[in-house]
Amino acid sequence: MDRPNAASRVLIVDDMRINCMLLASLLQSHGVASDMAESGEECLALFKENEYDLILMDHRMPGIDGVDTLVRLKELFEENGREIPVVCHTTEAGRENVNLYKAAGFADVLFKPIDPRELYRMLKACLPEGAMTEEEDSGERDRQSAEVAKLPGSLRDVEGLNLKAGIDSCETAEDYLDALRIFAGSAMSKARDIENFCEKEDYDGLALKVHSVESMGRLIGAIELADEAAELEKAGKDKLTAVIKEKAPGFLAHYRSLHDRLKDI
């Protein structure tokens with residue numbers, strides 16, 4: 001794959017394509033090119049074919065998760081004689097595990113939805129000097145307000161949706177609307193999957209599915225829904241049947257209600 005005229009190239013690894021696209025957009029705003037992989041396997045294949053200065057790795061993915069992928073990458077680093085930083089990006093619930101991520105070998109940790117300022121800080125620390133354009137602070141608040149003003153007025157009436165938080169995550173009104181459409185387009189099938197996992201007591205499947213809802217919820221500014229998803233994910237991981245039976249119905253009702261408000265965007 002040919003490299004464009006960019007000072008650096010980053011490999012983004014996340015099983016949710018919308019997360020990859022938003023990270024790619026943020027990187028591009030700093031003059032940094034990127035490739036996207038939606039699994040650990042695809043990450044390893046791309047790394048063998050291309051040169052990268054940094055890898056942004058989702059922690060929790062189906063198949064090979066972020067830690068297992070990192071272990072295999074380090075084997076490739078040793079073979080190639082060149083080690084590059086691999087930064088973990090995970091949900092807010094992973095904040096308590098920062099030391100574990102770093103002990104596993106990650107160079108740094110970012111939390112979803114990605115704060116552009118934290119991403120900038122990390123890029124400055126991890127990329128070669130001069131590999132990116134400088135951050136422009138002036139007028140940022142005005143820019144965010146202008147992007148919020150571009151959104152349909154009907155969104156202001158959607159309870160539980162923080163538009164400013166969504167714009168902070170997605171940068172532009174256009175990208176935010178794309179994220180809302182993806183959220184709404186997948187909500188009903190994910191809700192059915194969550195119900196099925198609860199009925200079958202497949203708590204590993206449940207935890208993985210609500211993890212993706214939490215990630216998307218934080219991305220679009222549905223903070224309360226994301227918090228509920230994080231609580232249900234933890235209950236799934238810990239196999240807390242009573243908690244799941246208590247919390248799942250309310251979570252699903254909230255999830256479907258938000259879908260109904262957003263489906264016609």
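Remember, it's a predicted structure, so these values are computed and weren't measured experimentally. We number each residue from 1, following the sequence as shown.
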With side-chain contact (heavy atoms from CB on, under 4.5 Å) as the test, would you mind laying out the steps for C170 and L219 before giving the verdict? CA-CA 7 Å; C170 300; L219 183 68; 4.1 Å; yes

Tell me if a side-chain donor or acceptor on [X] pairs with a main-chain N or O of [Y] at a distance below 3.5 Å.
{"X": "D115", "Y": "R117", "value": "yes"}
{"X": "H89", "Y": "F111", "value": "no"}
{"X": "Y176", "Y": "I220", "value": "yes"}
{"X": "E147", "Y": "A173", "value": "yes"}
{"X": "D15", "Y": "E38", "value": "no"}
{"X": "S169", "Y": "A165", "value": "yes"}
{"X": "S186", "Y": "I182", "value": "yes"}

Do E224 and H254 have side-chain N/O donor and acceptor atoms under 3.5 Å apart? no

Is it true that the side chains of Y203 and T241 contain a donor and an acceptor less than 3.5 Å apart? yes

Connected via hydrophobic side-chain network under 4.5 Å: [X] and [Y]:
{"X": "F106", "Y": "L76", "value": "yes"}
{"X": "V213", "Y": "V243", "value": "no"}
{"X": "L262", "Y": "L177", "value": "yes"}
{"X": "I167", "Y": "L119", "value": "no"}
{"X": "V98", "Y": "M57", "value": "yes"}

[X], [atom1] atom: more than 12 neighbouring heavy atoms under 6.0 Å:
{"X": "K74", "atom1": "NZ", "result": "yes"}
{"X": "K239", "atom1": "NZ", "result": "yes"}
{"X": "K247", "atom1": "NZ", "result": "no"}
{"X": "M16", "atom1": "CE", "result": "yes"}

[atom1]-[atom2] distance between [X] and [Y], expressed to the nearest 0.5 angstrom:
{"X": "N19", "Y": "K112", "atom1": "CG", "atom2": "NZ", "value": "5.0 Å"}
{"X": "L44", "Y": "E41", "atom1": "CG", "atom2": "CD", "value": "7.5 Å"}
{"X": "L110", "Y": "D58", "atom1": "CG", "atom2": "CG", "value": "11.5 Å"}
{"X": "S8", "Y": "L54", "atom1": "OG", "atom2": "CG", "value": "8.5 Å"}
{"X": "H259", "Y": "L225", "atom1": "NE2", "atom2": "CG", "value": "13.0 Å"}
{"X": "H59", "Y": "C88", "atom1": "NE2", "atom2": "SG", "value": "6.0 Å"}

Could you tell me whether the side chain of [Y] reaches within less than 4.5 Å of the side chain of [X], counting heavy atoms only?
{"X": "N196", "Y": "E199", "answer": "yes"}
{"X": "T69", "Y": "I55", "answer": "no"}
{"X": "L208", "Y": "F197", "answer": "no"}
{"X": "R261", "Y": "D157", "answer": "yes"}
{"X": "I244", "Y": "L232", "answer": "yes"}
{"X": "V32", "Y": "D53", "answer": "no"}

With salt bridge (Lys or Arg N to Asp or Glu O under 4.0 Å) as the test, would you mind laying out the steps for R121 and E118 before giving the verdict? CA-CA 5 Å; R121 173 197 61 77; E118 284 299 301; 3.0 Å; yes

Set out, in order, the CA-CA distance, both residues' side-chain angles and the distance that settles salt bridge (Lys or Arg N to Asp or Glu O under 4.0 Å) for D68 and R72, then state yes or no. CA-CA 7 Å; D68 288 340; R72 299 190 190 190; over 6 Å; no

[X] to [Y] - nearest heavy-atom pair and separation:
{"X": "G40", "Y": "M61", "result": "N-CE, 3.9 Å"}
{"X": "A226", "Y": "E214", "result": "O-CG, 3.4 Å"}
{"X": "I194", "Y": "K209", "result": "CG1-CG, 3.6 Å"}
{"X": "R9", "Y": "S34", "result": "NH1-O, 3.3 Å"}
{"X": "L70", "Y": "A104", "result": "CD2-O, 3.4 Å"}
{"X": "A191", "Y": "L252", "result": "O-CD2, 3.7 Å"}

Classify the angle between the aromatic ring planes of H30 and Y120 as parallel (below 30°), tilted (30 to 60°) or perpendicular (above 60°). tilted

Could you check whether Y255 and F183 have their ring centres less than 6.0 Å apart? yes

Look at R256 together with D260 and state whether they make a salt bridge at an N to O cut-off of under 4.0 Å. no

Cationic N near anionic O, under 4.0 Å, D193 to K190: no

Walk me through whether R156 and V148 qualify under side-chain contact (heavy atoms from CB on, under 4.5 Å). CA-CA 10 Å; R156 291 164 177 76; V148 170; 4.0 Å; yes

Check against side-chain contact (heavy atoms from CB on, under 4.5 Å), D65 and R60: CA-CA 5 Å; D65 69 11; R60 190 157 193 204; 5.9 Å; no

Begin with the C-alpha distance, continue with both residues' side-chain angles, and end with the deciding distance and a verdict on salt bridge (Lys or Arg N to Asp or Glu O under 4.0 Å) for R192 and E195. CA-CA 5 Å; R192 286 192 296 271; E195 276 187 329; over 6 Å; no

Set out, in order, the CA-CA distance, both residues' side-chain angles and the distance that settles side-chain contact (heavy atoms from CB on, under 4.5 Å) for I114 and L56, then state yes or no. CA-CA 11 Å; I114 302 299; L56 299 178; over 6 Å; no

Only counting residues at least two apart or in another chain, list the ones meeting side-chain contact (heavy atoms from CB on, under 4.5 Å) with A37. L11, V13, E42, C43, L46

